[in-house]
Amino acid sequence: MNSKYIDAMEKITLIGPFKQIIPMTGLPLKGALNDSQLSIIADGGIVLKNERIIAIGTFESLKAIYTHAHIHHLKGNHVCVPGFIDCHTHICFGGSRANDYAMRNAGSSYLEIAKSGGGIWDTVTQTRKSTQEQLVKSTIKLANRHLKNGTTTIEVKSGYGLTVNEELKMLRAIKIANIEALADLVPTCLAAHMLPKNFKGTEVEYLNEMSKKLFPVLLKEQLANRIDAFIEQSAFSPVQVQPYFEIAKQMGFHITVHADQFTPSGSKVAIDFHAISADHLEASTDKEVHLLANSTTIATALPGASIGLGCAFAPARKILDAGGALAIASDHNPGSAPMGDLLTQASILGTFEKLTNTEVLAGITFRAAAALNLTDRGILKEGGLADLAVFHTSNYQDILYNQGNLKPCMVWKNGSLVYDKHN
Ligand SMILES: [Zn+2]
């Protein structure tokens with residue numbers, strides 16, 4: 001059994017009373033949401049057994065039923081929401097890009113930064129120089145930081161190795177980090193991040209080599225069941241990615257796409273391949289918004305990249321109004337999105353895009369879970385994982401009102417209290 005579950009073995013615990021529990025139940029996966037749709041359990045309690053929730057209701061009624069439960073009694077005002085899900089990050093990397101950030105803000109172009117030794121290639125170089133053990137350590141450190149901010153599930157991409165062996169090093173590091181990290185890490189293979197400078201061949205030849213030599217090892221070692229590609233003028237074109245995704249699909253991988261970040265095109269590929277999500281979308285026009293809204297692909301906004309680069313946000317309001325499913329993720333990476341604070345970024349996206357509290361919370365809970373094909377979290381329900389973010393307040397609206405500055409006072413992961421500010 002995984003060490004992170006051990007202290008929760010065979011123990012029934014009633015937590016409460018919470019001033020409010022926001023279970024995120026009864027809401028549709030797609031479309032706009034208003035706050036009157038949000039269900040709120042007042043004076044609530046949650047009963048946990050091992051890593052799962054077995055009951056939710058009012059604290060007093062649960063106390064009367066579960067008379068033998070250990071009671072984790074809360075004093076003062078607390079609000080409980082599902083642990084957040086960050087469905088798009090690049091937190092496994094070597095080095096720092098602080099100099100890029102300074103240069104970009106001082107007016108340097110992408111090309112000037114690349115010429116001075118910066119840009120994504122710098123991260124590739126630093127990641128290749130890092131040992132697997134160093135990557136394990138740094139990934140755990142960032143994952144645990146996110147956990148303290150209420151994020152209990154974190155997607156983590158490869159994509160800074162860009163050779164078969166270096167991509168494997170990253171994905172093995174993520175797999176090992178997942179054992180130690182307090183949050184769950186969901187790995188994604190992003191070998192199709194960019195054509196590496198030292199590859200002697202075309203984009204198509206590179207992708208062909210990756211699909212032939214890397215994909216079988218991913219399955220054999222269970223390193224990832226998700227394949228991502230950066231579709232952009234500076235990375236890979238839709239035509240180049242097509243055969244790569246076809247092989248991935250045939251082998252049973254889920255597809256996700258870095259789409260429409262600077263130019264629209266990737267979201268069409270995502271939809272054609274029934275990708276589980278299309279992420280970025282800052283450059284999506286009404287045409288792409290309409291296509292996404294009428295597809296099964298989750299549209300993931302990455303406000304952290306807009307804040308990091310000083311670019312427009314994805315058209316989140318339009319996506320929701322057109323009937324799309326909107327997830328919100330941090331894109332935490334050393335280059336364009338160094339902050340990595342999901343709650344802050346989601347709150348800010350809410351003010352710029354005029355999203356309701358319910359839409360923002362949905363975007364970082366059950367709608368983000370859907371972007372990772374996970375049905376056991378992002379919602380507080382009987383049988384679901386006991387992943388809880390608890391805030392010291394009496395009103396759930398305070399969570400987004402404080403724009404990320406109100407941090408959780410407790411985080412429960414798989415039924416264990418893994419972070420407690422009270423102690
Ligand atoms: Zn990304």
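Counting starts at 1 for both ligands and their atoms, in listed order.
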Atom NE2 of His72 with >12 non-hydrogen neighbours under 6.0 angstrom: yes
Aromatic contact, His78 with His392 (centres under 6.0 Å): yes
Electrostatic pair Glu51:Lys413 at N-O distance under 4.0 angstrom: no
Tally of protein N/O/S atoms under 2.8 Å from the Zn ion (ligand 1)? 4
May I ask you to decide if Leu219's main-chain N or O and Gln222's side chain share a donor-acceptor pair within less than 3.5 Å? no
If you count the non-hydrogen atoms of other residues, nucleotides and ligands that lie under 6.0 Å from NZ in Lys268, is the total more than 12? no
Any ion pair linking Lys169 and Glu167 (charged N to carboxylate O, less than 4.0 Å)? no
